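Since we're looking at a predicted model, the values are computed, not measured. Note that these values count all heavy atoms, side chains included, but never hydrogens, waters or copies made by symmetry.
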Amino acid sequence: MLWRAALTAALVCGIGLLPWLSRTDPALTVLRARSAERAPTPETLRAIRDQLGLSDGPLPLLGHWLDGLLHGNAGTSWVSGSEVLPAAAQALGVSLMLMAGALAVAVATAAAMCARTLRLGSRRRLGDRAPGGTAAAVLAALPEFLLASVLASVIGVQLGWLPALGWYGPQWMVLPALALGLPAGALLGRMLDDLLPCAFAEPWALATAARGIPPKSVARQALRRCVPALLPNLGLFVVGLTGGSVAVEQIFDIPGLGRLTLQAALAQDLPVLQTGTLALVLLAATAGLLTRLAARWLIGPALRDGALHSLHRPTPPAPRTLPLLYGALLLTVIGLGLPRDPLALHTDARLQAPSAAHPFGTDALGRDLLARIAHGALNTLAIALAVSVAALVAGVLLGLLPRLSAPLVDTVNAIPAVLAGLLVTGIAGSGPWTPAFAVAVVAWSPLATHTSALLQQERATTHLTATRALGAGRWYLLWHELLPAVLPPVIRHALLRLPGIALSLAALGFLGLGAQPPSPEWGLLLAENQPYAERAPWAVLFPAAVLALLGALAVTAAGGIRLPRRRKRPTNPSGTPGEAGKAVPEPERQPNRPDALMASAPASASKTP
């Protein structure tokens, strides 16, 4: 609790110092937010400083805000002059309603993604089938702002089935909930589909199936076995859907907390920004605590007694056809577009449909879209890969220290990527690597949470208890038992996050915080061509298709990452295990076949410990 309180205080204080750290005049920023037409004369700026108390410096302002917060008063907005606490509470309520709808969509999408695995596994017909994920990859790789724009323009405007703008009732929640919930549910479903085959191969599942237990009961217990490893990430999704849906709230004109925080950050309205961030931090801490308690409740006494079986066992290699196919398609697009000029203007060919001269068509300035996508891929993919590697390393290292990382994860996850981009830009200044650093600040938290959840369950497995009883030390267990079991699923998770990293960079570009024109970065491409989606849909569909292709490549390539097969324990020339002081013998895991389990029972029963 002390560590969590210290992190929250550091975050709030850092936000309070933002105008002075960014070396900007907060009076000028507030004046522009109040009235863009009013001239910034010295008298006007002096009046604003006197009104807000800016002349006293940041520390007295921060102390005054904290003192008011202790008495239930978060101050008044520097821009509108209204009370901050009622506005923040109303925005939080809107965001929580939107989060609930998006979470329902995400759960339904995840269930649809895992339906085939549950049906086959409950009837013991999984075999060596590698879990699929192409559909999940396409959904997870769709940018939320692009999906929101398509839903608003097609379903809301052209078809008129649902309202597209505003927030006046349940009907206005459907389209934004779909835009937020479909990508999140696809990612959760793919992660769950990765764990289910191993759950169905555990001895309890084989025994229940042999006794004639109904397949639905087996599938329900398999879900209960796998869900605890994903619940912490579900808590992160809750906070991300609440505060990170800035672009969706902007498109649908929703007065949520993410939009309120973004507007306050742009205007440097510190009372509103600090209150909104504090609300997100408290929500993250509550969601993290509830998900950890729910995971313990679902697992039951087995977590305490060390009676679990490892969910991460040697699996057959996944088919390599799809990754090679997707990789070849992506390389073909890049190879065909690199010889073309991405900056050449053709005013007589504006918004031209795909043709032999321009296979992907042209944009509003007549520039070749194939050339811009290919040249933007070099920048987008390189930055996304670098950020993913850094997030993987940081996530694994911090995930091994859950007492240190859990409060840090909750605090960092409460900062939307857009707000992190504003903070990083304000402190470090704008530059080509500023968006990448802003995304990297928050990208490691899901991987650290996943590592901690898997590590907690792996420490409670029977084979680890047996290895510890044979005299294995802490470092031996870490290098030879825990890391080989935890790293493969976390690396697969990192690969699944690779399109999400690219999408975060694209979202910053969409909101004007990333690359600037005429850069061909993918997020900027989508932002530039989104207003012409109805007139020239190819200008948006082709960049989105390349993003979806990247997601399909990442998902199918992640299926090839697996545990190496364990080596047999060393023996001396007489054929007996090594003496004390040598390598610790590892208990052999039984194969995942009923006949092998039955055949090995008498032999294992005759051995002495």
Side-chain angles (χ1 to χ4, degrees), residues 194-195 197-199 201-203 225-226 228-229 232 299 302-318 389 392-405 444 447-495 558-593 596-597 600 603-604 607-609:
D194 187 35
L195 295 176
C198 294
E202 288 189 338
R225 176 69 181 91
C226 297
I299 297 176
L303 186 64
R304 181 192 65 237
D305 300 335
L308 292 177
H309 289 270
S310 178
L311 279 176
H312 311 287
R313 306 179 180 186
T315 54
V389 172
L392 174 62
V393 174
V396 171
L397 292 179
L398 290 172
L400 296 177
L401 304 170
R403 290 182 179 272
L404 173 68
S405 62
W444 59 270
L447 302 177
T449 301
H450 197 190
T451 301
S452 299
L454 296 178
L455 192 68
Q456 183 186 34
Q457 294 196 38
E458 197 66 26
R459 282 173 173 166
T461 54
T462 53
H463 80 273
L464 195 73
T465 304
T467 307
R468 189 184 297 111
L470 290 173
R474 179 180 300 177
W475 288 105
Y476 181 89
L477 293 175
L478 178 64
W479 288 106
H480 296 273
E481 296 291 340
L482 296 176
L483 284 181
V486 170
L487 278 181
V490 175
I491 294 176
R492 289 196 294 268
H493 185 186
L495 278 176
I561 298 176
R562 57 193 179 94
L563 269 174
R565 297 193 178 275
R566 303 177 63 86
R567 297 176 297 178
K568 295 182 179 180
R569 58 182 182 178
T571 57
N572 56 25
S574 62
T576 59
E579 301 175 356
K582 297 183 180 180
V584 178
E586 302 174 2
E588 298 180 0
R589 302 181 189 178
Q590 299 293 342
N592 298 328
R593 300 189 303 273
L597 287 169
S600 62
S604 61
K607 293 181 181 180
T608 58

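The two residues A394 and W444 come nearest to each other via the heavy atoms CB-CB, 4.0 Å. Residues P489 and L454 share a closest heavy-atom pair of CG-CD1, 3.6 Å. Taking each heavy atom of A199 and C226 in turn, the nearest pair found is CB-SG, 3.5 Å.
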- [ ] With side chain to side chain contact (heavy atoms under 4.5 Å, CB included) as the test, would you mind laying out the steps for V396 and L447 before giving the verdict?
- [x] CA-CA 7 Å; V396 171; L447 302 177; over 6 Å; no
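To the nearest 0.5 Å, atom CG of residue L455 and atom CG of residue L478 are 8.0 Å apart. In this structure, L495 CG and L392 CG are separated by 8.5 Å, a value rounded to the nearest 0.5 Å. The line from OH of Y476 to CG of L482 is 11.5 Å long, rounded to the nearest 0.5 Å.
Contact of the L400 side chain with the L483 side chain is registered, since non-hydrogen atoms from C-beta on lie closer than 4.5 Å.
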